[in-house]
**Q** 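Have a look at this one.
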Amino acid sequence: QVQLVESGGGLVQGGGSLRLSCAASGRTSRILAMGWFRQAPGKERELLSAINWSGGRTYYEDSVKGRFTITRDNGKNSVYLQMNSLKPEDTAVYYCAAGGTYSYNINDYDYWGQGTQVTVSS
């Protein structure tokens, strides 16, 4: 099994920044990719960004391109999401996820963190 623990959420004013962190433990050798998702009230969970664990390939959903940056630290088994120029519509619960394949499909992510709330005020 793989355990994921997120941190770094909170309340920020519009235009501000937050950095989310996700630390993986357990059988981390199973992880080939990690992603950040978010889910706003009444909406489906959506993939924001993904990173290939070994090669550094990255993906960004259109609404966050140029504002969010995903990075990884293999030595710490961690992935980060730097979020800049935050908007009220970014308000959601943010989840870290890990899977055995680099994918844009939510169903390919096998392990999930507990989620961290991000609230952006106007």
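Please read these numbers as outputs of a predicted model, since none were measured by experiment.
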**Q** How close do Tyr80 and Ser21 get, heavy atom to heavy atom, and via which atoms?
**A** CD2-OG, 3.3 Å
**Q** At their closest point, which heavy atom of Thr101 faces which heavy atom of Ala33, and how far apart are they?
**A** O-CB, 3.5 Å
**Q** Strictly below 4.0 Å, N to O, side chains only: are Lys65 and Asp62 in salt-bridge contact?
**A** yes
**Q** Identify the two heavy atoms, one from Ser63 and one from Arg38, that lie closest to each other, and give their separation to 0.1 Å.
**A** OG-NH2, 3.6 Å
**Q** Over all heavy atoms of both residues, which pair between Asp90 and Ser85 is shortest? Give the atoms and the distance, please.
**A** OD2-O, 4.4 Å
**Q** Would you give the length of the straight line joining atom CD of Gln3 to atom CD of Gln1, rounded to the nearest 0.5 angstrom?
**A** 7.0 Å
**Q** Side-chain heavy atoms nearer than 4.5 Å, only ILVMFWY residues, links allowed to pass through others: does that put Val118 and Phe68 together?
**A** yes
**Q** In this structure, would Tyr95 and Tyr111 fall into the same cluster of hydrophobic residues linked by side-chain contacts under 4.5 Å?
**A** no
**Q** Are Arg30 and Asp110 ion-paired here, with the side-chain N under 4.0 Å from a carboxylate O?
**A** no
**Q** Do you reckon Leu32 sits in the same ILVMFWY cluster as Met34, going by side-chain contacts under 4.5 Å, direct or chained?
**A** no
**Q** Output yes when a side-chain donor or acceptor of Glu6 lies under 3.5 Å from a complementary backbone atom of Gln114, and no otherwise.
**A** yes
**Q** For a quick test of reading the model, state the closest non-hydrogen atom pair linking Ala40 to Thr91 and the distance between them.
**A** CB-O, 3.8 Å
**Q** Using the rule that Ile, Leu, Val, Met, Phe, Trp and Tyr join whenever any side-chain heavy atoms are under 4.5 Å apart, tell me whether Ile106 and Val93 fall into a single cluster.
**A** yes
**Q** Between atom CH2 of Trp36 and atom CG of Leu20, what is the distance when rounded to the nearest 0.5 Å?
**A** 4.5 Å
**Q** With under 30° as parallel and over 60° as perpendicular, where do the rings of Trp112 and Phe37 fit, or are they tilted in between?
**A** tilted
**Q** Identify the two heavy atoms, one from Tyr109 and one from Gly35, that lie closest to each other, and give their separation to 0.1 Å.
**A** CE2-N, 3.7 Å
**Q** Could you measure the distance from the OG1 atom of Thr69 to the OH atom of Tyr60? Nearest 0.5 Å is fine.
**A** 4.5 Å
**Q** Roughly how far, to the nearest 0.5 Å, is the OG atom of Ser7 from the CZ atom of Arg19?
**A** 9.0 Å
**Q** OH of Tyr59 to CD1 of Ile51: how many Å apart, nearest 0.5 Å?
**A** 14.5 Å
**Q** Just how far is it from atom CD of Gln82 to atom CG of Leu18, taken to the nearest 0.5 Å?
**A** 8.5 Å
**Q** Please say yes or no: joined through hydrophobic side-chain contacts below 4.5 Å, possibly via intermediate residues, are Trp53 and Leu47 part of one cluster?
**A** no
